[in-house]
Amino acid sequence: MNAGEPRGHTLSDPSAHAGRPASGANSLTEPKDSGQASARHASVIPQDVDIIVTIDGPAGTGKSTVAQALAERLGLDLLDTGAMYRAAAAIAIDRGLMDDIEADDPATRDPAIARFVEVVTEADVHFDWTTDPPAIMAWSKALGKFEPINERIRTPDVTRAVSIIAGIVPLRHHMVRKQRIIAHQHPRLVTEGRDQGSVVFPDALVKFFLDADLKVRAERRADQLRAAGYPAEGDELMEQLARRDEADRNRDEGPLICPDDAITVDTSDLTFEQVVDRLGRDVLDRVGVA
Ligand code: DC
């Protein structure tokens with residue numbers, strides 16, 4: 001399967017709200033997972049049922065925390081695809097590749113991007129499924145071994161660089177391929193990211209699109225940043241989010257769209273618990289578990 005055309009409609013389309021319903025490593029050679037991650041959580045969905053649940057949507061809708069809670073509640077594995085793009089951004093920064101990747105001159109930029117994708121491929125970004133939640137790992141040239149990079153990928157320099165990195169088409173193809181391999185190894189999966197239902201798993205059994213007012217999303221982002229010890233200003237974040245939404249919706253590859261067959265949930269006026277309850281019920285309905 002190739003990265004393929006996204007299936008869905010843009011957020012400005014009113015029908016968007018109609019709503020309907022590894023070695024612990026994900027290296028490309030990893031055999032199908034033995035199920036140790038699923039064994040961590042009591043399973044609500046019968047063990048013999050394979051199910052992919054996708055959660056797409058813009059930044060600040062609570063996708064990550066909701067996906068984590070939903071996976072835990074249903075006894076499914078969790079794939080945080082944003083972490084994979086963040087890992088690639090950390091690699092670009094730490095290997096000193098950002099300036100050339102961002103160069104205006106294609107004679108500098110194009111070979112830098114090709115080299116960057118090679119470097120990311122060699123770093124074999126993957127998850128260690130033996131930890132809970134799974135740790136994201138990358139090969140460290142300096143240490144000569146894989147190291148967890150969970151903390152590195154949440155730093156502000158990575159957050160600033162990642163939307164540029166996530167727009168690099170050959171990198172997206174690489175990540176889409178990895179994500180499909182992960183789903184093959186972890187066939188009972190909640191996967192979260194802006195293209196999961198539209199591009200990566202168009203045949204997923206249950207697709208959600210989480211949305212929320214821009215102001216609410218900016219406030220949530222500000223709270224998260226403050227909780228992590230970084231200064232944050234709501235108005236500034238609102239402008240940043242609006243710019244990012246615009247860029248994400250108009251991107252050629254993996255744009256932010258609502259899949260046609262997704263269940264749209266506006267989380268603006270819902271608590272975290274209410275969102276998780278709603279999604280959990282929808283999944284169980286779809287699987288036929290009362
Ligand atoms: O959800 P997050 O903030 O960790 O995502 C990091 C970045 O990666 C953000 O710019 C969105 C982008 N991303 C993407 O383009 N495709 C995905 N499947 C997941 C994230």
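Start at 1 and go down the list; that is how both ligands and their atoms are numbered. Keep in mind the model is a prediction, meaning the values are calculated, not measured.
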Which protein heavy atom lies closest to atom 15 (O) of ligand 1, and at what distance to 0.1 Å? Arg172 NH1, 2.8 Å
Test of understanding: given a 4.0 Å heavy-atom threshold, classify the contact between Glu253 and ligand 1 as side chain, backbone, both, or neither. neither
Which of the atoms in ligand 1, numbered in the order shown and given with their element, are less than 4.0 Å from a heavy-atom of Ala166? 12 (C), 15 (O)
Val216-Leu225 co-clustered via ILVMFWY side chain contacts under 4.5 Å: no
Gln179 vs Thr81, side chain to side chain donor-acceptor pair (under 3.5 Å): CA-CA, chis, key distance, verdict: CA-CA 8 Å; Gln179 289 155 16; Thr81 61; 4.6 Å; no
Nearest heavy-atom contact between Leu70 and Phe208 is CD2-CE1, 4.5 Å
Salt-bridged, Arg154 to Asp80, with N to O below 4.0 Å? yes
Quick check on contacts: which atoms of ligand 1 are under 4.0 angstrom from a heavy atom of Arg244? 3 (O), 9 (C), 10 (O)
Option from Thr267, Thr65, Thr61 for which side chain to side chain donor-acceptor pair (under 3.5 Å) with Arg220 holds: Thr267
Tested for side chain to side chain contact (heavy atoms under 4.5 Å, CB included) against Ile165, the lone hit among Arg172, Met98, Arg86, Glu102 is Met98
Ligand 1 contacted by Arg160 (non-hydrogen, < 4.0 Å): no
Can you list the atoms of ligand 1 that are under 4.0 Å from a heavy atom of Gly193? 18 (N), 19 (C)
Is there a heavy atom in Gln179 that sits closer than 4.0 Å to ligand 1? no
Would you say the side chains of Arg243 and Gln240 form a donor-acceptor pair under 3.5 Å? no
Looking only at distance, does Asp80 have an N or O less than 3.5 Å from an N or O of ligand 1? no
So for ligand 1, is Arg221 a polar contact partner (N or O within less than 3.5 Å, distance only)? no
Start with the C-alpha distance between Ser140 and Lys145, add both sets of side-chain angles, then the distance that settles side-chain contact (heavy atoms from CB on, under 4.5 Å), and finish with yes or no. CA-CA 6 Å; Ser140 161; Lys145 61 174 185 173; 5.7 Å; no
Lys63-ligand 1 polar pair, N/O distance under 3.5 Å: no
Using heavy-atom distances only, which candidate in Arg86, Met84, Met175 approaches atom 3 (O) of ligand 1 most closely? Arg86
Non-hydrogen side-chain atoms of Ile263 and Val265 separated by less than 4.5 Å: yes
Taking 4.0 angstrom as the limit and counting only heavy atoms of Gln196, give me the atoms of ligand 1 inside it, by number and element. 18 (N)
Atom 18 (N) of ligand 1: which protein heavy atom is closest, and how many Å away? Asp195 OD1, 2.7 Å
closest protein heavy atom to atom 5 (O) of ligand 1 is Gly82 CA, 3.6 Å
For atom 8 (O) of ligand 1, grab the closest protein heavy atom and report residue, atom and distance to one decimal in Å. Tyr85 CB, 3.7 Å
Thr81 heavy atoms, cut-off 4.0 Å: which ligand 1 atoms fall inside? 17 (C), 18 (N), 19 (C)
Does a side chain donor of either Arg217 or Ser268 reach within less than 3.5 Å of an acceptor in the other side chain? no
